[in-house]
Amino acid sequence: MSRRKPSIEDENELDKIIAHYEEVLTYGESYYLDADVLADIADRYAEQQRWDDAQQAITYGLQLHPDSTDLLIEQSLLYLDTQQLAKAIEVADSITDTTDEIILLRGELMLNAKREQEAEELFRSFDEVDYDYRVDVASLYTDTGYPSYALKWLNEALERYPESEEILLMKADCHTLLQESESAAAIYNQLLDKEPYNIHFWLGLARTHFAAQEYPEALNATDFALVADEKCGEAYLIRGHVLFNLNRGKEALTCYVRAIELNAISPAIGYIFLGMGCNNIQQWEDACHAFDKALTHAKDNFAILLPDINLGYAIASAHLGKFEKAYELCQAAKNDLPEDSEPLLVEGHLQQMQGDIDTAWETWNLAIDYSDDQVETFVRISDYCLLYSQWEEARNCFENILLRDHNYDRIYVKLAILSLLMGDETSFRAYSLYVDPPLEVDEILALADRYEERDDANKSFWDLIDKLKEEQE
């Protein structure tokens with residue numbers, strides 16, 4: 001996001017000023033600082049998500065400098081960061097200056113309010129704009145989720161600066177966000193033709209292929225990135241994501257560990273990835289170890305991550321039979337996220353794991369009530385039911401999804417397959433009427449791949465499969 005240009009560019013100097021500022025506040029003494037310096041202090045706190053400290057610095061500054069544009073900009077941005085958009089707009093509207101910095105601030109607020117056409121008109125209110133302004137506007141559009149608008153500004157800038165590496169890289173990012181991987185890759189390859197060992201270009205190409213789910217190409221790009229710099233932590237991080245999506249969990253974990261070692265990712269987030277990866281490949285002991293480390297690192301500066309860590313930790317603990325620990329972790333997440341569906345979904349899963357499906361549904365029904373997206377909530381519950389071959393419960397979830405969104409991803413196929421697994425020929429044929437093209441036996445078997453062997457428990461399923469084979473021959 002766009003931010004006010006700092007008055008103090010030397011990080012060490014700002015650190016010293018902040019240390020003295022905090023020391024003076026501790027003793028309750030008054031302390032004069034220029035408005036732009038106090039704005040820099042507030043901005044640093046905001047970067048660290050220390051919202052209360054940022055507000056204190058702004059309030060202190062406005063007492064000394066009531067009409068400071070720098071401090072009012074910081075106040076507006078702080079309201080935006082803390083999801084108080086109406087207040088952010090009110091403060092921005094109170095600023096009388098009309099510099100490009102104010103235009104960018106107001107435009108950012110409009111974009112956050114989904115008023116993109118008004119923002120575009122505002123950005124173009126200047127008769128003449130320079131290179132930096134075009135780049136700032138394009139960055140704003142990209143950061144707020146409007147890459148197609150950003151491309152317009154970047155293409156205009158390229159007419160005047162066709163060799164600008166900065167603009168070309170931003171344009172590649174926009175194409176990636178728009179899922180135009182070929183256009184993005186073409187730009188990176190154009191840049192690599194000139195600088196074949198530029199690691200930043202290889203990383204950009206890897207990110208583009210990863211976003212497009214072109215995993216072999218993404219791996220290839222990380223290979224070249226690591227040739228350029230064998231200690232590139234970001235290359236290991238991207239490689240870990242790719243391998244994770246290729247179901248090569250053990251290799252992915254090795255990459256995540258290396259990314260943490262090379263400081264490519266904060267330990268808190270890195271250990272979350274490790275924990276999630278271990279959960280996915282059912283390495284429960286390793287998952288618990290990773291989540292435990294994530295908790296240690298997140299408590300200070302990444303408290304927002306604690307619910308996710310606790311819930312992942314709870315699932316791993318439950319699989320080790322440590323249900324008391326699992327429920328404690330789940331309760332901690334519920335305390336952090338009251339009236340949120342996610343902790344309730346996991347708590348219901350824990351109850352399901354202990355065989356108490358009735359209590360699980362009581363919990364899940366509460367999760368459904370709290371959910372902002374009931375379709376996705378039913379999808380989550382159906383996944384839990386499918387894990388335990390609870391076909392009737394899973395079909396109930398899919399029927400609820402159908403009531404809310406009859407165009408949901410292959411919903412009739414899923415209902416037909418579940419009916420088939422239950423030996424319910426009538427429902428299977430009813431749902432199959434809405435499947436086009438019709439399901440083939442081979443496709444049915446692929447979707448129901450957990451039933452590779454005939455056994456008495458699945459007799460009704462296999463009898464129906466035999467009947468369908470005869471009909472299709």
Side-chain angles (χ1 to χ4, degrees), residues 1 135 138-139 141-148 150-151 154-155 158 163-281 290 294 305 308:
M1 284 198 180
V135 170
S139 296
Y141 274 129
T142 303
D143 291 343
T144 51
Y146 295 95
S148 58
L151 277 177
L154 294 171
N155 286 331
L158 279 174
E163 300 299 319
S164 169
E165 183 178 296
E166 180 182 27
I167 294 175
L168 286 169
L169 288 171
M170 290 179 66
K171 186 177 179 184
D173 284 341
C174 288
H175 285 303
T176 298
L177 291 171
L178 290 166
Q179 299 181 335
E180 298 169 354
S181 61
E182 288 188 17
S183 298
I187 293 173
Y188 286 120
N189 285 319
Q190 172 190 339
L191 294 167
L192 284 164
D193 285 341
K194 296 180 181 178
E195 297 181 54
Y197 294 101
N198 188 309
I199 192 166
H200 301 294
F201 300 161
W202 284 116
L203 291 173
L205 185 59
R207 285 191 293 269
T208 291
H209 286 308
F210 175 68
Q213 298 182 13
E214 296 163 354
Y215 299 134
E217 292 84 354
L219 280 180
N220 186 58
T222 60
D223 283 339
F224 280 103
L226 290 169
V227 168
D229 181 0
E230 63 181 9
K231 293 185 178 180
C232 177
E234 189 175 353
Y236 282 108
L237 181 61
I238 297 170
R239 194 172 181 82
H241 293 333
V242 174
L243 291 167
F244 187 83
N245 280 273
L246 288 171
N247 294 317
R248 292 162 60 179
K250 291 183 179 179
E251 295 172 80
L253 297 183
T254 301
C255 290
Y256 286 143
V257 169
R258 193 74 179 115
I260 295 171
E261 291 172 348
L262 293 167
N263 300 313
I265 190 171
S266 73
I269 297 174
Y271 282 115
I272 289 177
F273 282 137
L274 277 174
M276 291 169 56
C278 290
N279 272 358
N280 271 19
I281 60 175
L305 300 174
D308 289 331

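Every heavy atom of this structure was used, including side-chain atoms; hydrogens, water molecules and symmetry mates were not.
- Crowding of Tyr215 atom OH: a count of heavy atoms from other residues, nucleotides or ligands under 6.0 Å exceeding 12.
- Annotation: the span from Asn198 atom CG to Leu205 atom CG amounts to 11.5 Å, rounded to 0.5 Å.
- For Trp202 (side chain) and Pro196 (main-chain N/O), a donor-acceptor pair under 3.5 Å exists by modelled atom type.
- Of all the heavy atoms in Phe244 and Ala252, the pair that sits closest is N-CB, 3.6 Å.
- For Asp229 (side chain) and Ala225 (main-chain N/O), no donor-acceptor pair under 3.5 Å exists by modelled atom type.
- Rounding to the nearest 0.5 Å places OG1 of Thr254 at 11.0 Å from CZ of Arg248.
- Interatomic distance, Ile187 CD1 to Lys171 NZ, rounded to the nearest 0.5 Å: 5.0 Å.
- Summarising the geometry of Gly233 relative to Ala259, their closest heavy-atom pair is O-CB, 3.7 Å, with the distance given to 0.1 Å.
- Residues passing the salt bridge (charged side-chain N to carboxylate O under 4.0 Å, His left out) test with Glu261 are Arg258, sequence neighbours excluded.
- In this structure, Tyr236 and Leu226 have side chains that are in contact, with non-hydrogen atoms separated by less than 4.5 Å.
- With sequence neighbours excluded, no residue forms a salt bridge (charged side-chain N to carboxylate O under 4.0 Å, His left out) with Glu180.
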- prompt: Please walk me through it: do Tyr188 and His175 pass side chain to side chain contact (heavy atoms under 4.5 Å, CB included)?
  reply: CA-CA 11 Å; Tyr188 286 120; His175 285 303; over 6 Å; no

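- Here the side chains of Met170 and Val135 are in contact, with some heavy-atom distance below 4.5 Å.
- Between Leu169 and Leu191, the closest side-chain pair of non-hydrogen atoms falls below 4.5 Å.
- Residues Leu154 and Cys174 approach most closely at CD1-SG, 3.9 Å, considering heavy atoms.
- Atoms SG and CG, on Cys255 and Leu243 in that order, are 5.0 Å from each other to the nearest 0.5 Å.
- Other residues, nucleotides and ligands place no more than 12 heavy atoms under 6.0 Å from the CD atom of Gln179.
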Considering only distance and modelled atom types, tabulate donor-acceptor pairs under 3.5 Å from the side chains of residues 264-280, sequence neighbours left out.
| unit_1 | atom_1 | unit_2 | atom_2 | d |
| --- | --- | --- | --- | --- |
| Ser266 | OG | Ile269 | N | 3.3 |
| Asn279 | ND2 | Gly312 | O | 3.2 |

task: Show your reasoning for whether side-chain hydrogen bond (donor to acceptor under 3.5 Å, both in side chains) applies to Ser181 and Thr208.
output: CA-CA 6 Å; Ser181 61; Thr208 291; over 6 Å; no

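- Summarising the geometry, atom CG belonging to Leu177 is positioned 6.5 Å from atom OG1 belonging to Thr142; distances are rounded to the nearest 0.5 Å.
- The minimum heavy-atom distance linking Leu203 with Cys232 is given by the pair CD1-SG, 3.9 Å.
- Of all non-hydrogen atoms in Ile199 and Ala228, the two that sit nearest each other are CB-CB, 4.2 Å.
- Applying the salt bridge (charged side-chain N to carboxylate O under 4.0 Å, His left out) rule to pairs touching residues 184-202 yields Glu163-Lys194, sequence neighbours excluded.
- A distance of 9.5 Å separates CG of Leu253 from NZ of Lys250, quoted to the nearest 0.5 Å.
- Within the 4.5 Å cutoff, the side chain of Ile260 has no heavy atoms near those of the Val257 side chain.
- Sorted by first then second residue, the salt bridge (charged side-chain N to carboxylate O under 4.0 Å, His left out) pairs that include residues 211-223, not counting sequence neighbours, are Asp223-Arg239.
- With sequence neighbours excluded, no residue forms a salt bridge (charged side-chain N to carboxylate O under 4.0 Å, His left out) with Glu182.
- Of all the heavy atoms in Ala150 and Ala138, the pair that sits closest is CB-O, 3.5 Å.
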